[in-house]
Amino acid sequence: MGEIVFTEKQEALVKESWEILKQDISKYSLHFFSQILEIAPAAKGMFSFLRDTDEVPHNNPKLKAHAVKVFKMTCETAIQLREKGKVVVSDTTLQYLGSVHLKSGVVDPHFEVVKEALLRTLKEGLGEKYNEEVEGAWSQAYDHLALAIKNEMKQEVSEKP
């Protein structure tokens, strides 16, 4: 796999839109998880903070932290793709993400669900600033991050005796 071309403009679009969302991240965290459950109701059991409730809890710090992590890591991935042409996540972070996702029973299609929820949340948060270019930039960054996590999960499975 050769160098990934991620343009300066794409990086700028991701950073700008993250800045907008960050201003009301509690609201958008809620939106993000509501979208996940709308797309895949069964995913509820995979998140500790959703498991025992019938609705997406408001003001739940774990929910907010998880949403922030998804957005922030995707944004950081965009910057890395632009600067280095690849995803650079520290080994310890990747190992952690790999094992957490593995333990929660995450499989490939779940990454697509999260991506769809991420894009819907961006669309909601950005209003008319949301367009194909923004969607493309976030999609590309997210796909590369998801791939890095999936590879780590596969690695972990193959290393088990």
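If you're wondering where the values come from, they're calculated on a predicted model, not measured in any experiment.
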Interatomic distance, [X] atom [atom1] to [Y] atom [atom2] [nearest 0.5 angstrom]:
X      : Y      : atom1 : atom2 : result
Thr121 : Phe71  : OG1   : CZ    : 4.5 Å
Ser17  : Tyr130 : OG    : OH    : 9.5 Å
His101 : Glu152 : NE2   : CD    : 12.0 Å
Phe32  : Leu122 : CZ    : CG    : 9.5 Å
Leu118 : Glu135 : CG    : CD    : 10.0 Å
Leu126 : Trp138 : CG    : CH2   : 8.5 Å

Exercise. Are Leu145 and Ile79 grouped together when hydrophobic residues (ILVMFWY) are joined by side-chain heavy atoms under 4.5 angstrom apart?
Worked result: no
Problem set entry | Met73 vs Thr93, side chain to side chain contact (heavy atoms under 4.5 Å, CB included): CA-CA, chis, key distance, verdict | CA-CA 11 Å; Met73 285 194 78; Thr93 306; 4.2 Å; yes
For this session: Start with the C-alpha gap between Phe111 and Leu147, add the side-chain angles, then the distance that decides, and say whether side chain to side chain contact (heavy atoms under 4.5 Å, CB included) holds.
Result: CA-CA 9 Å; Phe111 285 97; Leu147 190 63; over 6 Å; no
For this session: Take Lys9 and Glu133 through the salt bridge (charged side-chain N to carboxylate O under 4.0 Å, His left out) test and state the conclusion after the steps.
Result: CA-CA 9 Å; Lys9 183 167 188 203; Glu133 256 189 309; 3.0 Å; yes
Exercise. Can you tell if the side chain of Glu156 reaches within under 4.5 Å of the side chain of Met153, non-hydrogen atoms only?
Worked result: no
Exercise. Does the side chain of Val100 come within less than 4.5 Å of Val106's, by heavy atoms?
Worked result: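 Counting from C-beta outward, Val106 and Val100 never come under 4.5 Å.
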State, to 0.1 Å, how close [X] and [Y] come at their nearest heavy-atom pair, and which atoms those are.
X     : Y      : answer
Ala43 : Leu37  : C-CD2, 4.3 Å
Pro57 : Leu30  : O-CD1, 3.4 Å
Lys64 : Ser26  : NZ-OG, 3.5 Å
Thr77 : Ala141 : CG2-O, 3.4 Å
Gly45 : Arg51  : O-NE, 2.6 Å
Cys75 : Val14  : CA-CG1, 3.7 Å

Just wondering, are more than 12 heavy atoms of other shown residues or ligands nearer than 6.0 Å to [atom1] in [X]?
X      : atom1 : answer
Lys115 : NZ    : yes
Glu132 : CD    : no
Asp108 : CG    : yes
Lys150 : NZ    : yes

Exercise. Is any NZ, NE, NH1 or NH2 atom of the basic residue among Glu116 and Arg120 found under 4.0 Å from an Asp or Glu carboxylate oxygen of the other?
Worked result: yes
Taking [Y]'s backbone N and O only, do any of them form a donor-acceptor pair with [X]'s side chain (distance below 3.5 Å, no angle check)?
X      : Y      : result
His110 : Val107 : yes
His31  : Lys27  : no
Arg82  : Thr7   : no
Tyr28  : Gln23  : no

Exercise. Checking side chain to side chain contact (heavy atoms under 4.5 Å, CB included) for the pair Trp18/Ile25: CA distance, chi angles, key distance, verdict?
Worked result: CA-CA 10 Å; Trp18 169 231; Ile25 196 60; 3.8 Å; yes
Exercise. Checking side chain to side chain contact (heavy atoms under 4.5 Å, CB included) for the pair Gln140/Val5: CA distance, chi angles, key distance, verdict?
Worked result: CA-CA 10 Å; Gln140 198 179 336; Val5 179; 6.0 Å; no
Exercise. Sequence neighbours excluded, which residues qualify as ring pair (Phe, Tyr, Trp, His ring centres under 6.0 Å) partners of Phe49?
Worked result: Phe33, Phe47
